[in-house]
Each structure stands twice: as C-alpha cells, then as structure tokens.
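Shown next, in structure tokens, is the structure this report addresses.
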Amino acid sequence: MDGETSHRLKKHPHILIESFYEMVFSSTSILFFLGLYYIIDDRMPEVAAIWNKYQDVFLLLFIIMSVILTAWMDLILVRLTHIDPEQKASVRLVSAIYVVLILLYIRFVYQDTNYNEMILYFITLAVGRFVFFDFTVQDFRRMISGVLSNLPLLILMAAYSATVCWYGFHVQFLLKSNGVIVSTLIAHLFMDLSIFVLHKTKLMRAVI
C-alpha cells in the first residue's frame, strides 16, 4: 500500500463524519427558517396582510439566509476541514431532498395542505441544481454521482431524526401542538448540540 492510498484511507472516516455533520447543519438551517415561516404564517395573524402579500419573497429570503447560517455553522460550531466544496454541495443537495421528504410526510400522513407551496419550491430548487441553462452531460453525471454516493447519509439522517422525534414525543420533550416542522427543528437542534459536544470533547476523534 503506497503512502497516498494509506493517507486516503485514514482520511475517509473523517470525510464520512464531517459529511454527516454537514447534513445535520444544512437540514437544521433549512428547518429553522421553515419553522419561522410556519410560526409567522400560522401563529401571527397580526402580520397577515403583509405576510400574504410578500410571503413568497420572505420564503426566498429565508432560504438564502439558511445557506448563510449553514456556512456559519461550518466555521463556528464545528470547523469542517476534511470535505471539499464539491462534497459540501452534494450533501446540501441531499439535505434539501431530505427536507422535501419531511414535507411530503406532513402532507400525506397528516393531510396538511399548508406545505404544498414549500414542497413545489424545494423540488424546483433541487431540479434546478441538476438542469440549468448551460449544464453539460458531465455536470449532470457528476451531480447524480454526488447524490447517489451520499444516499446512505440520507438514510442515516432519516433514521436518526425519526428515532429522536419518536423518543421526544414519547417522553413529551417534543409537543405535537408545536407542529411537526417546529418539533423536528427542536430535534435537529439537539443533534447540533450533540455534535458540538462530541467535537469539543474530542470523543469522536478518539474513537477514530
């Protein structure tokens, strides 16, 4: 085994772990602003006139702010040094797909039609990442490859968040009255705190 191969194998666990961290951070930031969108739309009738007129603009601003928040978490909460920008982009795309799955779950399991516009918005954003005005076959293949290679993260994230949410509702740490989006956000904030503790205590590094 040559030195380059050995270095790559040693780096691989760090890439997997930091990719999962990025998945959690990106999902949290999106859910944070979706939760804010839900609270304003459902719990703040005093701003209904302005909100109904400009809610599409607010949703776009919230999505842009979620990107900024994710970048901040990558630098301040836990500095991610082992994954490159292309891998980050792939993980963030998968996290958008993950959020779409959450919204679809709310739509069809809870029969809540309030999120139809959000579902279409995020699907449009995801499709836009694959098909843009000057895309090439190579770009399309690279994005598909990035998504497929990170599908295990999507499965792990879904299983992890489902477990945390189930336990949270079971012990009433999470309340159904808060709404699914807000409750899922709280569960993700717990994940962020866990990641921060693991990073600062260097427990994960000791395991690796």
Side-chain angles (χ1 to χ4, degrees), residues 19-44 51-52 55-67 69-70 73 87-132 135 140 143-170 173-192:
S19 294
F20 181 72
Y21 288 176
E22 178 70 12
M23 181 84 173
V24 176
F25 295 159
S26 180
S27 301
T28 300
S29 63
I30 295 174
L31 287 170
F32 176 80
F33 288 103
L34 287 183
L36 181 60
Y37 182 95
Y38 164 77
I39 291 172
I40 296 174
D41 187 57
D42 191 67
R43 308 290 175 90
M44 299 178 65
W51 179 253
N52 291 333
Q55 61 179 342
D56 291 338
V57 177
F58 282 117
L59 179 57
L60 179 59
L61 289 174
F62 286 169
I63 291 174
I64 295 173
M65 292 170 68
S66 75
V67 175
L69 178 59
T70 302
M73 295 173 78
Q87 172 64 0
K88 282 187 178 183
S90 296
V91 172
R92 290 181 184 184
L93 178 56
V94 172
S95 72
I97 297 173
Y98 164 73
V99 171
V100 170
L101 293 178
I102 293 175
L103 295 174
L104 288 173
Y105 177 84
I106 297 172
R107 170 63 181 84
F108 292 106
V109 174
Y110 288 89
Q111 298 295 314
D112 190 340
T113 60
N114 293 326
Y115 297 96
N116 288 350
E117 187 174 348
M118 289 186 186
I119 293 172
L120 290 174
Y121 204 96
F122 275 94
I123 290 177
T124 302
L125 286 176
V127 172
R129 290 287 300 276
F130 290 99
V131 182
F132 41 93
F135 84 106
F140 183 79
M143 289 185 182
I144 289 291
S145 176
V147 170
L148 292 177
S149 65
N150 286 293
L151 279 183
L153 286 179
L154 176 61
I155 297 172
L156 177 61
M157 186 70 184
Y160 184 36
S161 61
T163 302
V164 174
C165 287
W166 173 84
Y167 181 77
F169 287 124
H170 181 70
F173 170 71
L174 301 176
L175 301 176
K176 293 182 179 179
S177 59
N178 289 332
V180 179
I181 286 291
V182 175
S183 296
T184 307
L185 168 62
I186 294 172
H188 279 71
L189 291 174
F190 174 79
M191 297 181 205
D192 295 327

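Between I123 atom CD1 and L104 atom CG the span is 6.0 Å, to the nearest 0.5 Å. How far CD1 of I106 is from OH of Y38: 9.5 Å, rounded to the nearest 0.5 Å. To the nearest 0.5 Å, the span separating OH on Y37 from CG on L61 amounts to 12.0 Å. Atoms OG and CG, on S19 and L156 in that order, are 11.5 Å from each other to the nearest 0.5 Å. Here the CD1 atom belonging to I119 is positioned 10.0 Å from the CG atom belonging to L101, to the nearest 0.5 angstrom.
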Going by atom type alone, with no hydrogens or angles, which donor-acceptor pairs under 3.5 Å involve a side-chain atom of residues 178-185 and a protein atom two or more places apart or on another chain?
{"from": "S183", "atom 1": "OG", "to": "L175", "atom 2": "O", "distance (Å)": "3.0"}
{"from": "S183", "atom 1": "OG", "to": "G179", "atom 2": "O", "distance (Å)": "2.9"}
{"from": "T184", "atom 1": "OG1", "to": "V180", "atom 2": "O", "distance (Å)": "2.7"}

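At least one side-chain heavy atom of M191 sits under 4.5 Å from a side-chain heavy atom of M157. Under the 4.5 Å side-chain criterion, counting only non-hydrogen atoms from C-beta, L154 is in contact with L151. Contact of the L103 side chain with the Y121 side chain is not registered, since no non-hydrogen atoms from C-beta on lie closer than 4.5 Å. You'll find the side chain of Y21 stays beyond 4.5 Å of the side chain of M73, heavy atoms only. In this structure, the side chains of F33 and L69 come closer than 4.5 Å at one or more pairs of heavy atoms. Considering only heavy atoms from C-beta on, L59 comes within 4.5 Å of L34 through its side chain. In this structure, the side chains of T28 and L31 stay at 4.5 Å or more apart for every pair of heavy atoms.
Among residues two or more places apart in sequence or in another chain, the ring-ring contact (aromatic ring centres under 6.0 Å, His included) test is passed with Y98 by H188. In this view, F169 satisfies the ring-ring contact (aromatic ring centres under 6.0 Å, His included) rule with no residue, not counting sequence neighbours.
When all heavy atoms of L148 and P152 are compared, the closest pair comes out as O-CD, 3.9 Å. Contact between S95 and I30 at its shortest, heavy atoms only, is OG-CD1, 4.2 Å.
Side chain of S161 to main chain of A158: a donor-acceptor pair is present (N/O by atom type, distance under 3.5 Å, no hydrogens or angles). Judged by distance alone, with hydrogens and angles left aside, the side-chain atoms of S29 form a donor-acceptor pair with the main-chain N or O of S66 at under 3.5 Å.
Contacts classified as salt bridge (Lys or Arg N to Asp or Glu O under 4.0 Å) and involving residues 94-104 (residues at least two apart or in different chains) are not found. The stretch residues 143-160 participates, sequence neighbours left out, in these side chain to side chain donor-acceptor pair (under 3.5 Å) pairs: Q87-N150. Within the structure, salt bridge (Lys or Arg N to Asp or Glu O under 4.0 Å) pairs that include any residue of residues 20-41 comprise E22-R92 (at least two apart or interchain).
Between H170 and W166, the ring planes lie parallel to each other; the angle is under 30°, not in the 30° to 60° tilted range.
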